[in-house]
Amino acid sequence: MSNLTDLTTPYTHFVVQPYTPTIGGIIRGLNLSQPLNEVTQEELRQALARFEMIFFRDQTLTPEQHIAFTRIFGGVAEVKAFFPRLQAHPEIEVIESTPEKPYAANNWHADITWREQPPLGTSLYAHVIPHLGGDTIWSSQTRAYDRLSRELQVYLETLTAVHTWEISGWTEYLLARDHSGEELRAARTKYPPVEHPVVRVHPITGKKIIYVNPTFTSHIKGLPRPQSDALLGQLFDLTKVPELQVRFQWQEGSLAVWDNRSTQHYAVGDYFPQHRKLHRITITAEKTF
């Protein structure tokens with residue numbers, strides 16, 4: 001497979017600079033607070049599928065402008081995760097860490113794979129960034145698939161995995177918030193475990209993707225637990241390979257959009273007790289794959 005730096009960039013309304021040879025591109029020449037024409041919108045969708053994640057610097061966006069821009073890539077209806085939301089704009093989740101309540105999603109995951117139709121992407125806009133630290137890392141799961149032997153690729157394509165939010169730490173969080181357990185029971189009823197193929201095919205690029213992650217994938221169906229754990233551990237370790245990753249240093253006004261189907265990400269929790277706040281919009285589709 002060619003590296004991103006080997007490919008021409010046929011976009012007519014902006015410039016994409018590859019961020020690494022394998023994943024990510026930084027887009028220059030667009031003011032996201034302004035409406036974008038249909039050609040630019042289509043080129044942005046193609047760039048996202050090709051680079052798997054795209055970055056923008058020095059953007060000044062109101063919540064309304066952030067939502068309008070994100071609609072280029074799909075739906076932005078409220079997704080029932082567990083983060084607080086802007087009261088006037090329930091499409092926007094507030095991802096915040098303060099000295100009083102430190103928080104970082106410092107685990108490898110793709111967002112909300114415990115839904116039958118997981119998000120197709122995410123749009124994350126930086127409001128408050130630590131003086132040092134607080135980077136986010138993404139890893140390409142298409143490139144992870146490409147590193148496997150053909151024999152293992154074929155075998156994985158026959159398997160199905162179970163995904164659930166209950167192994168992610170949310171169980172403890174809900175119990176701490178509601179000692180009666182009622183909130184936890186309601187969440188279990190509303191969001192039962194779901195099944196996804198271990199290998200999925202990207203609907204735009206046609207590339208194959210390893211579709212398991214350590215935060216939400218509990219086991220592989222039909223395999224004894226030791227064998228399931230060993231195989232998942234092998235696949236999870238691929239995410240940690242530096243050659244498959246891009247690490248983004250946030251600045252206030254930075255915006256990142258990533259393809260949640262073909263990547264996993266990790267928010268580096270090295271900045272406590274500094275303040276960090278970002279607005280997240282989850283990009284949805286009636287059919288993710």
Side-chain angles (χ1 to χ4, degrees), residues 1 4 19-25 48-55 73 79 81 83 93 95 103-115 117-124 134-148 153 156 159 161-165 167-170 194-205 207-220 229 231-248 250 256-270 278 280-284 288-289:
M1 179 180 290
L4 293 177
Y19 209 78
T20 77
T22 55
I23 176 177
L48 178 61
R50 175 184 177 186
F51 288 87
E52 301 187 316
M53 85 150 306
I54 50 179
F55 305 110
F73 304 96
V79 175
F83 291 102
E93 294 174 300
I95 312 298
Y103 170 79
N106 52 346
N107 46 62
W108 283 108
H109 64 287
D111 287 333
I112 321 179
T113 63
W114 40 267
R115 297 293 299 272
Q117 295 296 334
L120 69 83
T122 305
S123 171
L124 192 62
D135 297 352
T136 303
I137 308 173
W138 288 264
S139 179
S140 170
Q141 298 307 289
T142 57
R143 295 303 182 107
Y145 175 88
D146 291 340
R147 291 176 71 95
L148 300 175
Q153 289 175 342
L156 292 176
L159 300 178
V162 176
H163 295 241
T164 173
W165 56 269
I167 64 171
S168 66
W170 283 110
V194 299
E195 298 177 1
H196 296 298
V198 171
V199 175
R200 307 215 67 155
V201 178
H202 196 284
I204 297 177
T205 66
K207 295 178 181 179
K208 292 182 177 179
I209 301 158
I210 297 176
Y211 199 71
V212 296
N213 67 88
T215 300
F216 299 125
T217 306
S218 61
H219 63 282
I220 295 175
D229 289 347
L231 182 54
L232 285 175
Q234 180 181 354
L235 299 179
F236 296 160
D237 283 345
L238 285 171
T239 304
K240 305 172 187 176
V241 175
E243 287 80 3
L244 306 182
Q245 297 176 357
V246 57
R247 180 168 180 149
F248 187 61
W250 292 95
V257 181
W258 66 90
D259 193 318
N260 195 60
R261 298 165 292 198
S262 60
T263 65
Q264 291 183 42
H265 57 282
Y266 183 108
V268 181
D270 59 354
L278 304 100
R280 182 176 85 169
I281 301 176
T282 299
I283 306 168
T284 62
T288 308
F289 287 95

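Closest heavy-atom contact between Leu235 and Leu148: CD2-CD1, 4.4 Å. Nearest heavy atoms, Leu232 versus His219: CD1-CA, 3.8 Å. Smallest separation of non-hydrogen atoms from Val257 and Leu48: O-CD1, 3.5 Å. When all heavy atoms of Phe73 and Leu120 are compared, the closest pair comes out as O-CD1, 3.7 Å. Contact record, Leu156 with Val198: O-CB, 3.8 Å, taken as the closest heavy-atom pair. Shown here for Leu159 and Leu231, the closest heavy-atom pair between the two residues is CD1-CD2, 3.7 Å.
Evaluation of the ring pair (Phe, Tyr, Trp, His ring centres under 6.0 Å) rule for Tyr145 yields no partner, not counting sequence neighbours. In this structure, the ring pair (Phe, Tyr, Trp, His ring centres under 6.0 Å) partners of His196, at least two apart in sequence or on a different chain, are His163, Tyr211. The side chain to side chain donor-acceptor pair (under 3.5 Å) test applied to Arg147 returns no partner, not counting sequence neighbours.
Annotation: the span from Gln245 atom CD to Tyr266 atom OH amounts to 10.5 Å, rounded to 0.5 Å. Atom OG1 in Thr215 sits 9.0 Å away from atom NE2 in His265 (nearest 0.5 Å). Here the OG atom belonging to Ser262 is positioned 7.0 Å from the CD1 atom belonging to Ile23, to the nearest 0.5 angstrom. Rounding to the nearest 0.5 Å gives a distance of 10.0 Å between CD of Glu52 and CG of Leu244. Considering OG1 of Thr263 and CH2 of Trp258, their distance stands at 7.5 Å, rounded to 0.5 Å. Here the CG atom belonging to Leu238 is positioned 11.5 Å from the CD atom belonging to Glu243, to the nearest 0.5 angstrom.
Although no hydrogens or angles enter the test, the distance criterion places no donor-acceptor pair under 3.5 Å between the side chain of Thr122 and the main chain of Asn260. Side chain of Asp259 to main chain of Gly121: no donor-acceptor pair is present (N/O by atom type, distance under 3.5 Å, no hydrogens or angles). At distances below 3.5 Å, not a single donor-acceptor pair connects side-chain atoms of His109 with backbone N or O atoms of Asp111. At least one donor-acceptor pair under 3.5 Å links the side chain of Ser168 to the backbone N or O of Trp165. No donor-acceptor pair closer than 3.5 Å links the side chain of Gln264 to the backbone N or O of Gln141. Between the side chain of Asn106 and the backbone N or O of Ala267 there is no donor-acceptor pair closer than 3.5 Å. Formation of a donor-acceptor pair under 3.5 Å by the Ser139 side chain with backbone atoms of Thr239 is found in this model.
When side chains are defined from C-beta on, Val201 does not count as touching Ile209, because their heavy atoms never get closer than 4.5 Å. Side-chain contact between Met53 and Val246 is present, with heavy atoms from C-beta onward closer than 4.5 Å. Counting only heavy atoms from C-beta outward, the side chains of Ile283 and Pro119 never approach each other to under 4.5 Å. You'll find the side chain of Thr136 stays beyond 4.5 Å of the side chain of Val268, heavy atoms only. With contacts defined as side-chain heavy-atom distances shorter than 4.5 Å, the pair Trp108/Ile137 qualifies. Residues Ser140 and Thr22 form no side-chain contact, since every pair of their non-hydrogen atoms from C-beta on lies 4.5 Å or further apart. Lys208 places none of its side-chain heavy atoms less than 4.5 Å from the side chain of Gln153. At a threshold of 4.5 Å between non-hydrogen side-chain atoms, the residues Arg261 and Pro203 count as touching.
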Residue pair Trp250, Leu124: steps toward the side-chain contact (heavy atoms from CB on, under 4.5 Å) verdict
CA-CA 11 Å; Trp250 292 95; Leu124 192 62; 3.6 Å; yes
Please step through side-chain contact (heavy atoms from CB on, under 4.5 Å) for the pair Trp138 and Phe248, ending with a clear verdict.
CA-CA 8 Å; Trp138 288 264; Phe248 187 61; 3.6 Å; yes
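Asp146 has no carboxylate O lying under 4.0 Å from a charged side-chain N of Lys207, or vice versa, which leaves the two without a salt bridge.
Classified by interplanar angle (parallel below 30°, tilted 30° to 60°, perpendicular above 60°), the ring pair Tyr19/Phe55 is tilted.
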